[in-house]
Each structure stands twice: as C-alpha cells, then as structure tokens.
Protein chains: 2
Amino acid sequence: MSPEQPSEPTGKSLFSLQRRERLMEELRAHGAITVRDIAAKLGVSELTIRRDVNILADEGLASRVHGGATLPSPLDRSAAGRAAQHSYSIGMVVPSLDYYWPQVISGARAEAEEQNLRILVRGSAYDAADNRRQVQALLDTQNIDGLIVAPDMGGDHGPELIRWLNALPIPVVLAERRAPAEIPAHRLEWVATDHAFGAGMAVRHLWQEGHRRIGCLTDSSSPTSPHVVRGWHQALAALKIPLEGSVHEDSAQQGPASHGNGGRASHFDHVLELCTKTGTTAMLVHSDTQAVAFVQHCVDRGLSVPGDMAIVGYDDEVAYLAEPAISAVRPPKQYVGKVAVQLMAARLAEGRMRPVHRIELNPDLILRESSIGAPRIPAAGVLQDSL
Amino acid sequence: MSPEQPSEPTGKSLFSLQRRERLMEELRAHGAITVRDIAAKLGVSELTIRRDVNILADEGLASRVHGGATLPSPLDRSAAGRAAQHSYSIGMVVPSLDYYWPQVISGARAEAEEQNLRILVRGSAYDAADNRRQVQALLDTQNIDGLIVAPDMGGDHGPELIRWLNALPIPVVLAERRAPAEIPAHRLEWVATDHAFGAGMAVRHLWQEGHRRIGCLTDSSSPTSPHVVRGWHQALAALKIPLEGSVHEDSAQQGPASHGNGGRASHFDHVLELCTKTGTTAMLVHSDTQAVAFVQHCVDRGLSVPGDMAIVGYDDEVAYLAEPAISAVRPPKQYVGKVAVQLMAARLAEGRMRPVHRIELNPDLILRESSIGAPRIPAAGVLQDSL
DNA sequence: TCTAAAACGATCGTATTCGAACATGAGGCA
DNA sequence: TGCCTCATGTTCGAATACGATCGTTTTAGA
C-alpha cells in the first residue's frame with residue numbers, strides 16, 4: 001500500500017528511534033529486511049542497523065536472522081517470554097447510557113480488563129451529528145488507539161458519517177450496526193446481533209405452538225426495527241404464511257407525544273381489532289417495554305394471554321416483569337461488547353495484514369408464559385426441524 | 001498471510017527463518033513435504049532443506065522421514081517427551097486437497113498449534129453425499145470434539161445435509177459456507193469470505209480506472225460463483241451501470257468436457273464479440289485460472305491488456321504467473337482456517353452460553369499490471385470514496 | 001532376498017555476515 | 001572550556017550459512 005519512498009540517502013540523518021521505526025515499517029511491509037539493503041537505503045553503516053536489529057529483537061519486535069531480520073516468528077527460539085504488551089486506549093461512543101447499552105458496555109469492560117485495555121465511554125444522542133461530535137471529542141482530548149461506536153445510520157448525514165468513520169486514522173469497530181453494501185466502507189469492522197434471525201426464531205416458535213396467523217408490532221423509531229420486520233417477513237415466507245392478511249403495525253407512526261397513553265391504548269385497540277379480523281392469534285412485539293404494555297392491554301380487555309393472544313417480545317429488558325411473564329428474544333448484549341473489544345484488540349495487535357472481520361451474533365429465545373401451552377393446533381412434530 | 005507469493009523460484013532468496021516458516025506452511029497445508037520438491041520450489045540445495053528439516057524435527061515441529069518430512073506424528077519415537085496432551089480433537093472435511101483449501105488448512109493448523117488442538121483433515125468430493133460419508137467416518141473412527149466442514153450446499157441433498165450437521169451432537173463450524181436463512185440451522189456457526197464484497201471492490205477499482213462498461217465471466221460450477229455475481233450486480237447498481245448491456249457469461253454452461261480447449265477458445269471469442277458489441281472494456285473473471293487463460297486469449301487475438309481489455313481475476317492462486325500479471329481479488333484463506341479454529345476453540349471452552357457467531361472476512365485486492373494504467377476516462381477524483 | 005537408485009550426512013571450502021574493540025564526533029552540563 | 005555520554009563508523013578475526021563431494025544408509029522393485 002505505501003508507495004515506495006524513493007530512498008533518501010541524502011536526507012538529514014534520522015534519530016535512532018526514527019530509524020528503528022523505519023525498520024519496523026519495512027518489516028511490516030515486506031516481512032523481512034536485509035541489513036545491507038536497509039543500511040544503503042538509510043545511508044548508515046551496516047553495524048548501526050545491526051545494533052538496531054538487536055534492540056528490536058530484544059524487545060520481541062523482530063526475529064534476528066543471519067543477514068537481516070524478519071517479523072517475529074514462533075520458530076525463533078530466542079523468543080522472550082511475552083507479556084509486557086503496552087496497553088491501548090479504546091474510545092466507545094454509544095447512543096444511550098440507560099437502555100440496552102449498559103450491558104454492552106459491561107461486556108466490553110470485562111473483556112478489556114482481560115486484554116489489559118482501557119475503555120473510555122461516551123454517551124451520545126441518536127443522531128449522526130452528535131455521534132460525530134462525541135467521536136471528535138474523544139479524538140481531540142484523549143489519546144485513543146481505536147474506536148468502538150454505534151452511530152446513527154439514518155437521515156441525510158448517516159452515509160456521510162460512515163464515510164468519515166471509515167476514513168479515520170485509527171481502527172473503527174461498529175457495534176450493533178452494519179455499513180450498507182453500497183457504501184464502500186472497506187475498513188470498517190462490526191459486530192451486530194442478527195435481529196432478523198431472532199425474529200424468525202420467535203415466529204417459528206409461535207408456529208410450533210400451533211399459531212397460523214402471526215402478526216408483528218414494531219417501533220420504527222428504533223434502528224433495530226427494520227431487521228425485526230425483515231426477519232418476520234422471511235420467516236412468514238419460509239412457513240408459507242401469506243404476507244397480506246398478516247397484521248403489521250408500527251407504533252411510532254402514532255405520534256408518540258401527541259396522544260400520550262390514551263393514544264397508545266387506542267392504537268392497541270386498533271391492533272386487536274385487526275387481529276380479530278384476520279384471525280391472528282400471536283404477535284411479535286418489538287421492544288419488550290411495548291410488549292409489557294400490550295400484554296397489560298390485552299388482559300385489561302379481557303383477553304387471556306397466551307390463551308387468546310400469544311405474545312413474544314423482542315428484547316429482554318423488562319419482559320419478565322409482566323404478568324404473565326413474557327417470552328422474549330434476548331440479544332447477546334454482553335457478547336456484543338465483548339466481541340467488539342476482541343476485534344479491536346486483535347486489530348491493534350495484528351495491524352493491516354489482518355482481514356476485515358464482520359461478525360453477526362445470534363440472539364436467544366427465552367420462553368416464558370406468554371407464548372406457551374395454549375396451542376391452537378396440536379403441534380405434533382409438524383415441523384421437527386424448526387427450532 | 002504470508003506476503004510472499006505461493007511459489008516464486010525467481011524471487012529473492014529467503015532467510016533461513018523464513019524458509020523454515022515456509023516449510024511449516026507447506027507441512028500444515030499438505031501434511032508432508034519432500035526435500036526435492038521444496039528445494040526446487042525455493043531454489044536452494046537439497047542439503048539446505050535437510051538441515052532445516054533437522055532443525056524443525058529437533059524442535060518437535062516435524063517428523064523426519066526418508067525423502068522429506070511430515071507433521072509430527074505420535075509414531076515418531078524420537079519425539080522428545082512431549083508435554084501438554086492435545087486437549088481436543090477437531091475434524092475438518094474440505095472439498096479439495098490441492099486447490100484453495102491447502103491454505104485454509106494451513107491457517108487452521110497454525111492456529112490449532114497455538115491453541116493446543118489436534119486437527120484431522122479429510123478430503124471429500126464436491127458432493128453432499130460424500131461430505132456426509134466423510135464426516136460420518138470421522139465421527140465413527142476418531143474421537144472428534146468438534147467439526148469444521150465445507151459442505152456442498154447445492155443439489156437436492158444440500159438442505160438435508162445442513163439439517164443433519166445442525167443436529168450433530170458436537171459443535172460444527174462451516175468454512176466458506178453459510179446456511180441459507182430459510183433453513184433454521186440455529187446451532188451452526190460459520191466463517192466465510194465475503195466474495196460479494198470482493199467482487200464489488202474489483203468493479204469499483206475498474207470504474208476508478210475509467211472503465212464504464214464492466215463485464216463478468218464466471219464459472220457457475222463453483223460454489224463461489226453466485227456470490228461473485230451478486231457482488232458484481234450490487235456494484236453495478238451502486239455505480240448506476242445498467243445491467244442490460246453488461247456482459248455476463250458463464251463458462252460452465254459450455255459443457256466443459258464436450259468441447260475441450262477448442263470449446264473454451266470459441267467461448268472466449270464469443271465473449272470478446274459481446275464486449276465489442278456492448279463497448280465493454282473491462283472484465284471480472286472468476287477463478288484466476290480462467291483469468292490467465294482469458295488474458296492469454298486476448299493477447300493471442302491481438303488485444304492489448306490492459307489497453308484494450310482490463311482484467312481482474314477473482315481468486316489469487318496463479319494470477320501473478322500470467323503475462324501481463326493479473327490483478328486479482330485474494331480471499332484471506334489462511335484466516336478462514338484460523339478463525340474457524342478460533343470459533344471452535346471458543347465454543348469448546350465456553351459451551352452453550354456463548355451465542356452463535358457468524359463471521360465474514362473481506363478479501364484483498366492485489367493490483368498488478370492487467371488492470372492499471374490504461375484509463376478510458378481520466379478518473380480525476382470522480383469517486384473519491386470508492387476504494 | 002538381492003540390487004540399483006535414491007536419500008542422507010560428514011567433511012571441507014567459500015562467501016558472507018557478525019560483533020568486539022577502538023576511534024570519531026556531536027551534543028549536554030558544570 | 002573541558003569532560004562526559006551517547007550514537008555512530010572502521011577494522012579485523014570469528015562465526016555462520018550454504019553448497020559440493022563422496023562414502024554410507026535406506027528404500028523400492030524384481
């Protein structure tokens with residue numbers, strides 16, 4: 001990648017530290033150097049280079065060989081006991097400090113401790129401009145070696161923000177976000193929960209419980225929502241449930257502020273009406289907070305859960321608090337943080353030779369009362385492979 | 001990923017340490033080496049290789065045999081009292097032992113050594129039934145704690161095989177394969193190269209070089225091919241190149257056996273004709289073997305490469321051998337094996353609580369002569385973010 | 001079992017590289 | 001200014017890497 005610097009023997013002499021830095025550069029670029037070439041290229045004596053090589057070898061940064069040096073090799077038996085890795089600082093910018101993200105941060109911190117890294121967390125708004133401000137602040141004031149961030153991808157500034165992150169001089173790992181394929185963000189790595197898979201798992205579970213009409217209630221103001229809907233669609237298709245006639249409602253379109261709780265109640269009534277009309281007996285509800293409210297609403301309206309309406313919540317923050325307790329898809333939040341830090345640590349250790357990793361983690365389905373034990377159709381091995 | 005070309009007898013001489021590393025690489029890839037072959041490949045005397053083999057054998061990294069060396073075998077009684085028994089054994093079933101997969105195996109073996117695991121490799125045919133036979137053989141005769149496999153996903157038996165793998169009592173990691181979303185293989189993990197991304201990278205590069213009509217020549221008999229085509233489609237869409245009028249030919253449909261080389265030549269002529277008709281000045285050619293043949297064909301027909309026809313190969317096994325040398329997308333084969341073993345090791349260590357990981361690795365684009373320096377349109381910063 | 005071919009390794013020779021000892025020169029500090 | 005320290009260069013004997021030769025050992029095939 002680095003366009004070969006035309007050798008500069010005439011240039012002013014480098015300090016020894018710069019020279020060694022230069023050696024490491026050549027090493028990383030070519031895997032090996034010869035004393036003779038480097039001495040000629042830098043315009044110093046071979047002995048000097050040899051001394052440098054010795055120093056680098058002592059620090060474990062290179063392996064000495066007759067005639068030059070190579071990148072440290074496991075075959076180098078003079079390998080000094082490792083450790084003494086100098087520690088890095090990682091910045092982390094997340095869109096919320098009290099919902100969802102605390103567990104991600106906790107997982108990241110645990111792994112960071114293991115890897116002997118320092119993590120600096122900053123909260124941000126769900127907004128590209130503020131994301132950028134917060135990242136910039138970290139870059140300016142702290143000495144960050146890497147960045148873990150969950151940026152806002154929507155709006156006009158989303159793509160621009162992605163490009164900007166991709167062009168940062170330090171490695172960047174997205175958490176719970178993916179760069180869209182049409183933006184060639186070839187340096188960005190990410191770790192994200194496969195929400196579509198989670199939604200599909202929920203739908204298949206409901207199918208196994210005997211439900212043949214499975215609706216979906218989402219909140220499009222959340223970045224997770226589109227993936228849940230996609231998974232719901234895919235699962236319906238795989239189970240051959242026609243999309244038309246399947247209830248799909250979005251509570252964010254109801255104008256959250258304007259109606260207050262009254263608005264929500266009337267929306268829920270609207271949803272229940274649609275369910276009755278279409279024969280829908282089970283719902284996947286995004287954000288378990290909303291699922292709790294929906295279960296409450298069903299009970300208030302005299303519907304039995306899961307008898308008349310089976311419910312699975314997407315996300316598992318408060319689902320267990322409802323009465324009855326709600327089955328829920330639980331994203332592996334701790335692991336999202338943990339794997340993000342692992343990615344970053346590996347990237348910092350291995351440098352550019354390491355290929356870009358993009359990781360999806362599958363969520364778990366936690367079964368509770370709201371979805372089991374009230375089958376419409378005996379589910380006797382109809383779909384043995386579904387779950 | 002070794003920066004050296006797979007084999008380049010003409011290359012500058014390696015240091016002894018690098019040579020030994022090469023030996024280990026070949027050993028891990030093929031299980032055994034002969035002194036003669038390696039000496040020829042590296043351009044040193046056989047005696048030197050023997051000395052290297054002795055050193056490796058002394059360190060317990062290889063077993064000496066008459067004529068060459070093998071991976072350390074328990075039958076080798078010269079083994080100095082090895083400590084640290086292998087904690088787990090991992091079976092690995094790959095569809096080829098001489099194309100593409102040796103490097104994957106090499107990466108896997110290297111990581112396994114690090115993690116103190118044992119790997120048992122079996123070759124298989126590109127065929128679901130044989131995949132299953134080989135896996136079954138491993139399960140029956142060896143004591144396998146985990147399985148890394150690259151199954152054939154096509155045909156009638158593909159889905160069935162996936163379900164069967166998903167239901168195995170040991171953890172399974174797919175290499176270079178993904179289970180389709182409609183099969184709920186909720187336990188399968190995988191690591192695969194994002195070939196679509198690689199193809200997109202190639203197309204963007206050609207666009208940056210000034211080409212405005214970019215065709216695609218694939219071989220649908222390879223499991224990689226659909227992903228390459230998908231990436232080509234996506235990139236065309238992102239660059240607003242209309243799909244109709246873009247050359248897309250498949251060499252597998254030509255009946256490989258029936259025509260022989262004559263058939264291939266006439267197919268290439270057909271492709272070139274289409275290119276002329278559509279104004280296509282650049283081609284992405286899947287399998288670099290085919291790319292080499294195609295370049296040769298272009299030169300034979302009096303076309304200058306890259307002057308009249310720019311070419312990027314997909315895959316980088318032999319691309320550097322062509323004249324002119326071919327730019328190629330290089331999948332991170334070593335890392336595919338390495339990461340597969342990492343996944344397996346983590347799974348075996350952490351058990352079921354660990355969420356299912358699904359990892360994509362991005363390939364590299366290696367620029368050589370066949371695609372650079374002959375722009376049709378000055379590419380003055382038209383697309384600053386494209387690559 | 002025997003035999004020819006191949007592989008092996010001990011020994012030596014040569015080209016190259018290494019590093020200890022000493023020399024030089026550029027700053028830093030009293 | 002003089003002295004000290006550190007980085008670097010020069011010289012030269014020692015060490016190393018590698019190849020050639022050739023007698024010995026192993027292997028494969030009849």
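Per chain, numbering begins at 1; letters A, B, ... match sequence-line order. Keep in mind that the numbers below use all heavy atoms, side chains included, and drop hydrogens, waters and symmetry copies.
A:Ser45 has no side-chain polar atom (N or O) that falls below the 4.0 Å cut-off from OP1 or OP2 of D:dT10.
Looking at residues two or more places apart in sequence or on another chain, you find no side chain to side chain donor-acceptor pair (under 3.5 Å) involving B:Thr70. Applying the side chain to side chain contact (heavy atoms under 4.5 Å, CB included) test to B:Leu71 and every residue at least two apart in sequence or in another chain returns B:Leu27, B:Arg28, B:Arg109. Taking the salt bridge (Lys or Arg N to Asp or Glu O under 4.0 Å) definition, one finds that B:Asp288 meets it with nothing, sequence neighbours left out. Residues satisfying the salt bridge (Lys or Arg N to Asp or Glu O under 4.0 Å) criterion with A:Arg36, sequence neighbours excluded, are absent altogether. For B:Asn143, there are no side chain to side chain donor-acceptor pair (under 3.5 Å) partners, not counting sequence neighbours. With sequence neighbours excluded, the residues satisfying salt bridge (Lys or Arg N to Asp or Glu O under 4.0 Å) with B:Arg50 are B:Glu46. Residues passing the salt bridge (Lys or Arg N to Asp or Glu O under 4.0 Å) test with A:Glu189, sequence neighbours excluded: A:Arg347.
Rounded to a whole Å, the CG atom of A:Leu42 is 11 Å from the P atom of D:dT8. Regarding B:Gln18, its CD atom lies at a distance of 14 Å from the P atom of D:dA17, rounded to whole Å. Atom CG in A:Asp52 sits roughly 14 Å away from atom C1' in D:dG9 (whole-Å rounding).
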| query | When you check every protein heavy atom under 4.0 Å of nucleotides 14-23 of chain C, what one-letter string (B, S, -) results, 5' to 3'? | reply | --SSBB-B--

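Remark: the backbone N or O of B:Ser327 is paired with a side-chain donor or acceptor of B:Ser370 at under 3.5 angstrom.
Direction of the helix axis in the helix from C:dT1-D:dA30 to C:dA30-D:dT1 shifts by 40° between the two five-pair termini, rounded to 10°.
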